[in-house]
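Written below as structure tokens is the structure these notes are about.
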Amino acid sequence: MANPLTPKDRTKIPRQKMPEQEPEHRRQNFAEVNLGLNFHLATQEAMRCLECAHPKCVDGCPVGVKVKDFIALVLAGDYLAAAAKIREDDILPAITGRVCPQEDQCEGTCIMNKKFGAVGIGYLERFVADYERETGQIGLPPIAPPTGKKVAIVGSGPAGLSAAGDLIQKGHQVTVFEALHEIGGVLIYGIPEFRLPKEIVRQEVENMKRMGVEFQTNIVVGKTVTVDELLGEEGYHAVLVATGAGLPQFLGVPGENLCGVYSANEFLTRVNLMKAYKFPEYDEPIYDCRGRNVAVVGGGNTAMDAIRSALRLGAKNAYVIYRRSEAEMPARAEEVKHAREEGIQFLLLNNPVEFLGNDKGWLRAARCIKMELGLADESGRRRPVPIRGSEYELPLDVVIIAVGTSSNPLVQSTTPDLKTRKGGYIEADPETLKTSKVGVFGAGDIVTGAATVILAMGAGRKAAAAIDEYLRTGVW
Amino acid sequence: MGTDGFSIAEARFLAPDVKLFRIVAPRIARKQQPGQFVIVRIHEHGERIPLTVAESNPTDGTITLIVQGIGKTTKLLNRFDAGDIIPDVVGPLGRPSDIRLFGTVVVIGGGVGTAIAYPTAKALRGAGNHVITVLGARTKDLLVLENEARAISDEVFVTTDDGSYGEKGLVTDKLKALIAGERKIDLVLAIGPIPMMRAVAETTRPHGIKTLVSLNPIMVDGTGMCGGCRVQVAGRSQFACVDGPEFDAHEVDFDGLAKRNAMYREAERQALERFVSDPKPDLDLIRHRCKLEDVTPR
């Protein structure tokens, strides 16, 4: 069906609201917060698209999803075709529909955004991807005839998966190596069940297996096998390093090794990958947060994920301690809103300067200092400055440090001719993602530093295109 | 590999609750160096536990693990037998031991710590060192790898707390005697329970003898990602999984390590109790890849 409404009438339809679990209820479970649009809401939302001649939404998407085309298919009621249309550019639509910061990308550039509220592109993407999954009729793209070339991908996170999806379609043989026991990288260990159900990640991985991608778990490249061995005796023609920004950063304040102090990586890995929230049915434990005071330090999405997980584990008081103000918080607005609705308490312009323990080595409090905003720093955000004499003690049983990550050196340190830059990140050409070593490409957080799922997927696609060209031409 | 799991070629008890497993893991066997460890997960609901590799054989592609059944996971693992499959084994992880000619090296193994010390002791001997091995155990039954240690050491001494075998006393008593003896000691490597390693560090400190310990803090991923295994060494936070597991004993904050290792004691107790009173849910999880003839926990 073509859109029967005039552009003016389309702007009169309000942006549809995503149905959600009620805050009081959802804070007690790990089930997904957003419930997804129904057919009616999806149609209403699709009707809002102005079908621009030069759609800005496509420019705003790091992987160039053909937004206008897929929304037209939603309106026509051909949801499977809509999903297949997305898959031409984005191999993981059910995932990106949930975790992309659309407000900064496709929806940020949507012409409707300023005056009427952007078209809910993310909601619609999720809607068609879920429909496709529930019908079991996944529109897998066609595979080119075999080229006889082998590609090794190191890391099974968003960059690795999207590169694998593109390379397998080009007819190359693709093996993805993962250090952990489950495929998905940050999608599995980092992002919680209530934001991205793991079953969806598993389903997407299954789709890739059906397309012919081979996955090997329990392989730490740099330890179990080196990049040189992959290119040598293992016979791979190209290697893509997509290992992510895996090492947790700490604050460097006294008391950080007390029991009860976690990195966000550890806390989230225990909860998400190891399912510690189901202890003792699952073996990996996590500190029993029931009735306790828990805080996260940091203001990004990871911080929100961690503290909302702690709340669901039963925390009595759950705090976000952030040294700047809400305006500077890097977390998505939706995550902050969800966190507030669930009862997370925000201690903005606060910063811990020391963690205090009891005689058994357990955390009992954080000594915090209040901050005010000074002049802008190199990031363009106003620099937080401590207010003298404002220190106080905040009683805490658990604190989770979520102030960023740095590069994991396992691959770089065992690949001597792979050049790195400051911070140990891999040096790669911004367009071709070629590294200093012939046959080796780099993509995702290990090149850029910590970013988002979709940016990593975009980099994975770019790398896949460059790898395909290299394999076809042999020209480095 | 990986998705198909790792099959057990050989399994036998060395002592009550202490079992040796030879596991088919060709990639790890080829890369393994003394001092490195693997992380093992034994079923779909399992935790990830680090275990040091006692021996590796690149020719037949096997690695040997020696497991003391203490908690739930190790007790369940000790019910696996030859032919059974362990779903996840990843490694080799950690930095290898520093193997070179030091001169005279005293290697101290406390309990199953001996299994961890053994490959390093063997390599140190191979590098031309005079290796004196001191094996300590609470009682004779708990002593492991004595014959293996004898085969790769120039001198071997055994101490038991109760005097049931070797000399009655602690490994540090023997160490003190060795320090007071004729031979100059160039390096001490001590691997065992935290109190033992701390006591060894305090014994050698006044004499300025270089002393190394291999630490076994709680880990999750083993690749530096979670930071759960951090220990204070020389006033700095170090990750045992990637910066260790061996560290200078005189710089390690053993007190902090012991406290962090006790972090999940209550959960560990609860898990073990639940397993012992009703092992069925766990046995069901491993049944499809294990023979499991009896159903009573050992």
Side-chain angles (χ1 to χ4, degrees), chain A residues 177-183 189 214-220 222-226 229 243-244 246-250 252 256-270 273-276 278-288 357 359-362 401 405 408-410 413, chain B residues 1-3 5-6 25 27-28 30-31 36 38-39 41-49 71-73 76 87-94 220-232 237 239 242 253 255-260 262-264 266-268 270-271 273-275 281-282:
Chain A
F177 296 97
E178 167 57 48
L180 292 170
H181 57 264
E182 196 161 345
I183 299 297
Y189 77 73
E214 187 200 345
F215 291 97
Q216 292 199 19
T217 51
N218 297 315
I219 305 275
V220 183
K223 289 285 186 187
T224 318
V225 63
T226 63
E229 286 164 343
T243 47
L247 293 197
Q249 285 177 356
F250 288 90
E256 232 164 0
N257 288 353
L258 288 165
C259 294
V261 182
Y262 287 95
S263 73
N265 270 5
E266 181 184 1
F267 193 84
L268 288 170
T269 300
R270 284 179 181 273
L273 174 72
M274 306 306 296
K275 304 250 178 296
K278 293 186 182 171
F279 180 88
E281 185 199 329
Y282 280 70
D283 289 339
E284 194 82 52
I286 196 155
Y287 181 72
D288 188 349
D359 55 352
K360 292 209 170 75
W362 276 94
I401 312 295
T405 52
N408 191 322
L410 283 177
S413 64
Chain B
M1 167 178 287
T3 38
F6 298 79
R27 273 197 150 125
I28 303 173
R30 204 169 47 160
K31 280 301 174 76
Q36 292 186 296
V38 291
I39 282 188
R41 178 170 167 269
I42 62 174
H43 61 54
E44 280 70 24
H45 293 192
E47 59 182 342
R48 295 169 62 95
I49 59 163
K72 177 204 164 163
T73 300
L76 180 58
D88 300 298
V89 180
V90 59
L93 301 170
V220 185
D221 63 292
T223 63
M225 190 189 84
C226 84
C229 66
R230 61 196 188 274
V231 284
Q232 203 74 6
S237 214
F239 293 180
V242 286
D253 171 14
D255 187 45
L257 174 66
K259 283 173 174 162
R260 281 189 67 85
M263 189 160 163
Y264 297 104
E266 176 51 31
E268 287 160 1
Q270 201 187 325
E273 210 168 69
R274 189 169 174 270
F275 173 60
D282 286 282

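Proteins get letters first, then strands, A, B, ... in listed order; numbering begins at 1 in each. All figures in this text were calculated on a predicted structure; none of them were measured in a lab.
Counting heavy atoms from C-beta on, the side chains of A:Lys278 and B:His45 never come closer than 4.5 Å. Residues A:Arg270 and B:Val220 have side chains in contact (heavy-atom distance under 4.5 Å, counting atoms from C-beta outward). Within the 4.5 Å cutoff, side-chain heavy atoms of B:Arg48 are placed close to those of A:His181. Proximity of A:Pro280 to B:Gln270: side-chain heavy atoms (C-beta onward) are separated by under 4.5 Å at one or more points. Inter-residue side-chain proximity for A:Tyr189 and B:Asp221 is flagged as unmet; no heavy-atom pair is nearer than 4.5 Å. In this structure the side chain of A:Ile219 never reaches within 4.5 angstrom of the side chain of B:Val90, judged on heavy atoms. Residues B:Arg230 and A:Val261 form a side-chain contact, since some pair of their non-hydrogen atoms from C-beta on lies under 4.5 Å apart.
At a 4.5 Å heavy-atom cutoff, the contact between B:Arg260 and chain A is made by backbone and side-chain atoms alike. Within the 4.5 angstrom heavy-atom criterion, atoms from both the backbone and the side chain of B:Pro92 approach chain A. At a 4.5 Å heavy-atom cutoff, A:Thr405 makes no contact with chain B through either its backbone or its side chain. For A:Asn408, the part lying under 4.5 angstrom from a heavy atom of chain B is the side chain only. For a residue to count as touching a neighbouring chain, one of its non-hydrogen atoms must lie under 4.5 Å from one of that chain's; by this rule B:Val38 does not touch chain A. Looking at A:Ile401, neither its backbone nor its side chain comes within 4.5 Å of chain B, counting heavy atoms on both sides. In this structure, the portion of B:Thr73 lying under 4.5 Å from any heavy atom of chain A is its side chain and not its backbone. Residue A:Lys223 touches chain B through both its backbone and its side chain, counting heavy-atom pairs closer than 4.5 Å. At a 4.5 Å heavy-atom cutoff, A:Glu182 makes no contact with chain B through either its backbone or its side chain. The part of A:Leu410 that comes within reach of chain B is its side chain, from C-beta onward, which places non-hydrogen atoms under 4.5 angstrom from that chain.
A:Val220 approaches B:Thr223 most closely through the heavy-atom pair CG2-CG2, 4.0 Å. Considering all non-hydrogen atoms of both residues, B:Gly227 and A:Phe250 come closest at O-CZ, 4.4 Å. Annotation for A:Pro248 and B:Gly224: closest pair CD-O, 3.4 Å, computed over non-hydrogen atoms. The two residues A:Asp283 and B:His43 come nearest to each other via the heavy atoms OD2-CE1, 3.7 Å.
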Please report the C-alpha distance between B:Arg27 and A:Val225 in whole Å, then the side-chain angles of each, then the deciding distance to 0.1 Å, and finally whether the side chain to side chain contact (heavy atoms under 4.5 Å, CB included) criterion is met.
CA-CA 7 Å; B:Arg27 273 197 150 125; A:Val225 63; 4.3 Å; yes
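Top candidate by heavy-atom pairs under 4.5 Å with chain B, chosen from A:Ala276, A:Gly361, A:Cys259, is A:Cys259.
Partner A:Pro285 forms a side chain to side chain contact (heavy atoms under 4.5 Å, CB included) with one of B:Glu47, B:Glu266, B:Met263, B:Glu268 and no other, that one being B:Glu47.
In this structure, CG in A:Leu268 is found 11.5 Å from SG in B:Cys226, a value given to the nearest 0.5 Å. Taking CE of B:Met225 as the reference point, atom CG of A:Leu180 lies at 5.5 Å (rounded to 0.5 Å).
A:Glu229 and B:Lys31 are joined by a salt bridge, as a carboxylate oxygen and a charged side-chain nitrogen come within less than 4.0 angstrom of each other.
Between B:Tyr264 and A:Tyr262, the ring-plane angle classifies as tilted under the 30° and 60° cut-offs.
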